[in-house]
Chemist: 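Got a structure for you, questions after.
Only heavy atoms go into these numbers, but all of them, side chains included; no hydrogens, no water, no symmetry mates.
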Amino acid sequence: DVQLQASGGGLVQAGGSLRLSCVGSGFTFEDYAIGWFRQAPGKERERVSCISKHTGTSYTESVKGRFTTFSDNARKTMYLEMNDLKPEDTAVYYCAGDRNGFRTSVVDYWGQGTLVTVSS
């Protein structure tokens, strides 16, 4: 029933831009905090951004000023605009939803990943 589908990844040169999309279905989009996570080879998964009705929009420090996330609740779609991409941004990006605002180690829903590769 529940599905989060991420798309938009690809290969881009350093300094370039990409827009990721995440379409949700099977749950009430507005009742969940939604966010983007990424995992690079050999590194732990990290939260990139999240949108919460209670806490607003937040970003991890390394992407502040470069990435922008926003959602269209009517279309159950969340976007991540990535600008000035750097090789260290290379990772598989996942979208996720959590009704508790990602405040615990348990995340309700994960989407499939979309690969972003930034070349030097």
Side-chain angles (χ1 to χ4, degrees):
D1 290 334
V2 174
Q3 182 173 258
L4 287 167
Q5 190 75 258
S7 62
L11 175 64
V12 64
Q13 293 183 333
S17 300
L18 283 173
R19 181 178 67 234
L20 306 184
S21 300
C22 175
V23 180
S25 62
F27 68 103
T28 304
F29 207 70
E30 297 87 347
D31 290 342
Y32 289 76
I34 48 176
W36 291 96
F37 294 73
R38 67 185 180 186
Q39 187 165 25
K43 297 183 179 180
E44 294 184 348
R45 184 175 61 208
E46 67 171 340
R47 187 191 304 176
V48 177
S49 64
C50 67
I51 303 170
S52 170
K53 181 181 297 184
H54 301 293
T55 62
T57 303
S58 62
Y59 302 89
T60 191
E61 193 69 29
S62 64
V63 308
K64 286 181 178 178
R66 299 189 297 120
F67 291 10
T68 302
T69 189
F70 57 98
S71 63
D72 181 342
N73 288 337
R75 297 185 181 275
K76 294 183 172 64
T77 303
M78 173 180 62
Y79 302 92
L80 183 67
E81 294 278 359
M82 304 184 294
N83 300 307
D84 191 25
L85 283 160
K86 304 177 183 298
E88 51 263 42
D89 294 317
T90 295
V92 177
Y93 285 70
Y94 302 88
C95 59
D98 187 72
R99 68 180 303 152
N100 293 315
F102 303 106
R103 293 189 295 272
T104 72
S105 62
V106 179
V107 174
D108 288 329
Y109 304 124
W110 288 101
Q112 100 292 347
T114 185
L115 177 63
V116 172
T117 303
V118 184
S119 62
S120 301

Chemist: With ring centroids as reference points, do F27 and Y32 lie under 6.0 angstrom apart?
Modeler: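 F27 vs Y32: aromatic centres under 6.0 Å.
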Chemist: Identify which one of M82, M78, R47 satisfies the side-chain contact (heavy atoms from CB on, under 4.5 Å) criterion when paired with W36.
Modeler: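 Exactly one candidate clears the test, M78.
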Chemist: Provide the closest heavy-atom pair for S52 versus T55 in the form atom of the first, atom of the second, distance.
Modeler: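 S52 and T55 have their closest heavy atoms at CB-OG1, 3.1 Å.
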Chemist: Give, for atom CG of L80 and atom OG of S21, the distance between the pair rounded to the nearest 0.5 Å.
Modeler: 9.5 Å
Chemist: Which pair of heavy atoms, one from G26 and one from V2, lies closest together, and at what distance?
Modeler: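 It is O-CG2, 3.5 Å.
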Chemist: Would you name the heavy atoms of L11 and S119 that are closest together and state the gap between them?
Modeler: CD1-CB, 4.3 Å
Chemist: Quick one: does any side-chain atom of D98 pair with a main-chain N or O of G101 as donor and acceptor, under 3.5 Å?
Modeler: yes
Chemist: Are any side-chain N or O atoms of Q112 and backbone N or O atoms of A6, one a donor and one an acceptor, separated by less than 3.5 Å?
Modeler: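 Confirmed, Q112 side chain pairs with A6 backbone.
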Chemist: Are the side chains of F37 and V92 in touch, meaning some heavy atoms are under 4.5 Å apart?
Modeler: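 In short, these two side chains do not touch, never coming nearer than 4.5 Å.
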Chemist: For the atom pair CG (N73) and CD1 (I34), what is the distance rounded to the nearest 0.5 Å?
Modeler: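 The CD1 atom of I34 is 6.5 Å from CG of N73, to the nearest 0.5 Å.
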Chemist: Measure the CD-NZ distance between E88 and K43 for me, rounded to the nearest 0.5 Å.
Modeler: 7.5 Å
Chemist: Could you point out which residue of D89, D84, N83 forms a side-chain hydrogen bond (donor to acceptor under 3.5 Å, both in side chains) with R66?
Modeler: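 Option passing the side-chain hydrogen bond (donor to acceptor under 3.5 Å, both in side chains) with R66: D89.
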Chemist: Rounded to the nearest 0.5 Å, what separates atom CZ in R19 from atom OG1 in T68?
Modeler: 12.5 Å
Chemist: Under the 3.5 angstrom rule, does the side chain of T104 hit a backbone N or O of V106 as a donor-acceptor pair?
Modeler: yes
Chemist: I'd like to know if the side chain of D108 reaches the main chain of R99, judged simply by a donor and an acceptor atom lying under 3.5 Å from each other, with no hydrogens or angles considered.
Modeler: yes
Chemist: Say you draw a straight line from CG of L115 to CZ of R38; how long is it, rounded to the nearest 0.5 Å?
Modeler: 12.5 Å
Chemist: Using side-chain heavy atoms (C-beta onward) and a distance below 4.5 Å, is V63 in contact with S49?
Modeler: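 They are not in side-chain contact.
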Chemist: Please report the interatomic distance CZ(F67) to OG(S17), rounded to the nearest 0.5 Å.
Modeler: 9.5 Å
Chemist: Examine distances only and state if a side-chain atom of Y59 and a backbone atom of T69 form a donor-acceptor pair shorter than 3.5 Å.
Modeler: yes
Chemist: Can you name the closest pair of heavy atoms from G9 and L20 and give their distance?
Modeler: N-CD2, 3.5 Å
Chemist: What's the shortest heavy-atom distance between V107 and A96, and which atoms?
Modeler: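 Where V107 meets A96 most closely, the heavy atoms are CG1-CB, 3.9 Å.
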Chemist: Would you mind reporting whether L4 and Y94 have side-chain heavy atoms less than 4.5 Å apart?
Modeler: no
Chemist: With the 4.5 Å side-chain cut-off for hydrophobic clustering, are F102 and V48 part of the same group?
Modeler: no
